[in-house]
Amino acid sequence: MAQMKIAVAGASGRMGRMLIETIQNAEDAVLVGALDVPQSPAIGTDAAAFLGKPSGVTIESDLSKGLANAEYLIDFTRPEGTLKHLEYCAQHGIKVIIGTTGFDEAGKAAIAAAAQKTAVVFAPNMSVGVNVTLKLLEMAAKSFSHGYDIEIIEAHHRHKVDAPSGTALKMGEVIASALGRNLDDVAVYAREGVTGERDPSSIGFATIRGGDIVGDHTVLFAGIGERIEISHKSSSRFSYAQGSVRAARFLVDKKTGLYDMQDVLGLK
């Protein structure tokens, strides 16, 4: 069996380490590269040292060194770093799996442009469960299109820097699309003071940040006399890592193109 040669960005972070552990345990994948920011104290150390079984892969800040042997890069870092990595990968034919969130429209356009040169899976959440939940939300929204108020509540750890989460926004986009609306026109991200009655066409967002919450998302369809809640709760980053390796498998026979986890899971 040919092994996928995978590099990981943000190798010393919480998600980076989970990705490295998952790759190390996958029969069809091998870790061949690891990246981190130049100021990281992990630079120059073995990427899998934390597992007690060194990989022989050194964490690098130089892309040419960290990606020298890579066929794939999995990136859950920050938009500015991801776009820098993506540009290099597009130039060198390295396929990219992007779990980074917080991109603006220019960033998303840059990802789409890079996908004309290499194959990219870009998703705000790599969890299989979350992506099945998105499909359920699409179905539910069509059934609850009238008489139900829609609210999206998300909770994450204290270190998350963007809000609402990329997953919450994706949920809003899926619901709005199913209802024939544009999320930019109907989203409500904050309420304070005398707000007046709720616009029935709006989709509300509420954000919680605290402790070590990995990621909780609940969509509330509130009608008269009943309330339907569809929730996904992550207790570990393992599901994101597993989904990312699954995304790499999906790209094995792809040379170019922009895909998401709905493509990977055959849900479209």
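Counted within 6.0 Å of NZ on K117, heavy atoms from surrounding residues, nucleotides or ligands total 12 or fewer; the atom is thus considered open. The neighbour count for K5 NZ, taken as heavy atoms of other residues, nucleotides or ligands under 6.0 Å away, does not exceed 12. For NE2 of H159, the number of neighbouring non-hydrogen atoms (other residues, nucleotides, ligands) closer than 6.0 Å is greater than 12. For CZ of R14, the number of neighbouring non-hydrogen atoms (other residues, nucleotides, ligands) closer than 6.0 Å is greater than 12. Annotation for D212: atom CG does not count as buried by contact number, only 12 or fewer foreign heavy atoms lying within 6.0 Å.
Using a 4.5 Å heavy-atom threshold, the side chains of R237 and V214 count as touching. The shortest side-chain heavy-atom distance between L67 and H85 does not fall under the 4.5 Å cut-off. In this structure, M126 and V121 have side chains that are in contact, with non-hydrogen atoms separated by less than 4.5 Å. The closest side-chain heavy-atom distance from V57 to I20 is not below 4.5 Å. A 4.5 Å side-chain heavy-atom check between D216 and S231 finds every atom pair outside the cut-off. By the 4.5 Å heavy-atom criterion applied to side chains, M171 and T167 are counted as neighbours. Contact of the D162 side chain with the F103 side chain is not registered, since no non-hydrogen atoms from C-beta on lie closer than 4.5 Å. When side chains are defined from C-beta on, R209 does not count as touching H157, because their heavy atoms never get closer than 4.5 Å.
Tracing side-chain contacts under 4.5 Å through hydrophobic residues (I, L, V, M, F, W, Y), one never reaches I175 starting from V188; they form parts of separate clusters. Follow the hydrophobic side-chain contacts under 4.5 Å out from L220 and you reach I208 in the same cluster. Cluster membership check: I97 shares its hydrophobic cluster with I23, using side-chain heavy-atom separations under 4.5 Å among Ile, Leu, Val, Met, Phe, Trp and Tyr. In the hydrophobic cluster analysis, where Ile, Leu, Val, Met, Phe, Trp and Tyr join through side-chain heavy atoms closer than 4.5 angstrom, L136 is grouped apart from I152. In the hydrophobic clustering of this structure, I228 groups with L137; members are Ile, Leu, Val, Met, Phe, Trp, Tyr whose side-chain heavy atoms approach within less than 4.5 Å, directly or through other members.
Using a distance-only test at 3.5 Å, with no hydrogens or angles considered, a donor-acceptor pair links the side chain of R181 to the main chain of S201. Proximity of a side-chain donor or acceptor of K135 to a complementary backbone N or O of L267 within less than 3.5 Å is detected. With D46 contributing its side chain and G56 its backbone, the two residues share a donor-acceptor pair below 3.5 Å. Distance alone, capped at 3.5 Å, places no donor-acceptor pair between the Q3 side chain and the V30 backbone. In this structure, the side chain of N131 engages the main chain of N125 through a donor-acceptor pair within 3.5 Å. With hydrogens and angles ignored, the 3.5 Å screen pairs a side-chain donor or acceptor of S127 with a backbone N or O of G129. Looking only at distances, no side-chain donor or acceptor of D36 sits under 3.5 Å from a matching main-chain atom of I43. K95 places a side-chain N or O within donor-acceptor distance of the main-chain N or O of L251, the cut-off being under 3.5 Å. Using a distance-only test at 3.5 Å, with no hydrogens or angles considered, no donor-acceptor pair links the side chain of E138 to the main chain of V174.
What you find for L169 and P164 is that their closest heavy atoms are CD1-O, 3.9 Å. A pairwise comparison of heavy atoms in A241 and T22 identifies CB-OG1, 3.2 Å as the closest pair. Nearest approach of A110 to L83, heavy atoms of both residues: CB-CD2, 4.0 Å. Shortest non-hydrogen contact noted between G172 and I203 is O-CD1, 4.0 Å. Here the closest heavy-atom approach between residue C89 and residue V96 is recorded as CB-CG2, 3.5 Å. Taking both residues in full, the closest heavy atoms of M18 and S236 are given as CE-OG, 3.9 Å, listed atom of the first, atom of the second, then distance.
Interatomic distance, OG1 of T100 versus CD1 of I74, reported as 11.5 Å (0.5 Å rounding). Note that OG1 of T45 is 4.0 Å distant from CD1 of I59, once rounded to the nearest 0.5 Å. Rounding to the nearest 0.5 Å gives a distance of 10.5 Å between CD1 of I230 and CG of L134. Taken from NE2 in H92 to CG in L63, the straight-line distance is 9.5 Å, to the nearest 0.5 Å. Put simply, CZ on F122 and CG on D75 are 11.0 Å apart, with the number rounded to the nearest 0.5 Å. Rounded to the nearest 0.5 angstrom, D260 CG and I98 CD1 are separated by 12.0 Å.
For F238, there are no ring-ring contact (aromatic ring centres under 6.0 Å, His included) partners at least two apart in sequence or on another chain. Residues meeting the ring-ring contact (aromatic ring centres under 6.0 Å, His included) test with F50, sequence neighbours left out: none. Every residue was checked against the side chain to side chain donor-acceptor pair (under 3.5 Å) condition with N182, not counting sequence neighbours, and none meets it. Residues passing the side chain to side chain donor-acceptor pair (under 3.5 Å) test with R191, sequence neighbours excluded: E151. With sequence neighbours left out, the ring-ring contact (aromatic ring centres under 6.0 Å, His included) criterion links H232 to no other residue.
F221 and F144 have tilted rings, their planes meeting at an angle from 30° to 60° on a 0 to 90° scale.
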T218 and K233: CA distance, side-chain angles, deciding distance, side-chain contact (heavy atoms from CB on, under 4.5 Å) verdict: CA-CA 8 Å; T218 295; K233 300 181 186 294; 4.3 Å; yes
Decide yes or no on side-chain contact (heavy atoms from CB on, under 4.5 Å) for F250 and M261, but give the supporting numbers first. CA-CA 10 Å; F250 173 80; M261 284 301 288; over 6 Å; no
Between V264 and R246, does a side-chain contact (heavy atoms from CB on, under 4.5 Å) hold up when you go through it step by step? CA-CA 8 Å; V264 173; R246 187 164 175 173; 4.1 Å; yes
Show your working on ring pair (Phe, Tyr, Trp, His ring centres under 6.0 Å) between F76 and Y240 and close with a plain yes or no. CA-CA 10 Å; F76 280 73; Y240 309 149; 7.0 Å; no
Test side-chain contact (heavy atoms from CB on, under 4.5 Å) applied to I6 and L19, step by step: CA-CA 10 Å; I6 303 177; L19 286 164; over 6 Å; no
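For residues 161-183, no pair satisfies ring pair (Phe, Tyr, Trp, His ring centres under 6.0 Å), with sequence neighbours left out.
Comment: R17 does not engage E21 in a salt bridge, judged by the lack of any side-chain N to carboxylate O separation of less than 4.0 angstrom.
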